[in-house]
Amino acid sequence: MVFPACIQCGTRQNPCRCKFVGPTLGFVAFVITGIIEWPVGAVVYIFKHAKGRRIMSHPARKVYPKVSRSIPI
């Protein structure tokens with residue numbers, strides 16, 4: 001099994017200016033919520049377009065940034 005690794009350099013949130021744990025956990029949380037929310041959003045999109053789009057964009061707009069920013073290393 002391959003574990004995804006995300007590295008973000010150039011940040012000022014920690015002394016070494018690179019983040020590894022936060023972006024990687026953010027990506028994992030993004031994938032897990034995407035697996036659940038994208039099919040649900042697709043079904044809702046059939047009846048209510050705006051609500052379906054909002055559900056499908058939730059992992060990218062809310063989950064990944066919150067998890068990635070919450071861990072400064």
Specify the closest pair of heavy atoms between [X] and [Y], including all atoms of both residues, with the distance to one decimal.
X: Gly34; Y: Pro39; answer: O-CD, 3.8 Å
X: Ala29; Y: Val63; answer: CB-CG1, 3.8 Å
X: Pro59; Y: Pro65; answer: O-CD, 4.5 Å

Under 4.5 Å side-chain heavy-atom separation, chaining through any Ile, Leu, Val, Met, Phe, Trp or Tyr, what else clusters with [X]? Say none if it is isolated.
X: Ile55; result: Val40, Val44
X: Val31; result: Phe27, Phe30, Ile35, Trp38, Tyr45, Met56, Tyr64
X: Phe47; result: Ile46

CZ-NZ distance between Arg54 and Lys62, expressed to the nearest 0.5 angstrom: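 Between Arg54 CZ and Lys62 NZ, I get 10.5 Å after rounding to 0.5 Å.
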
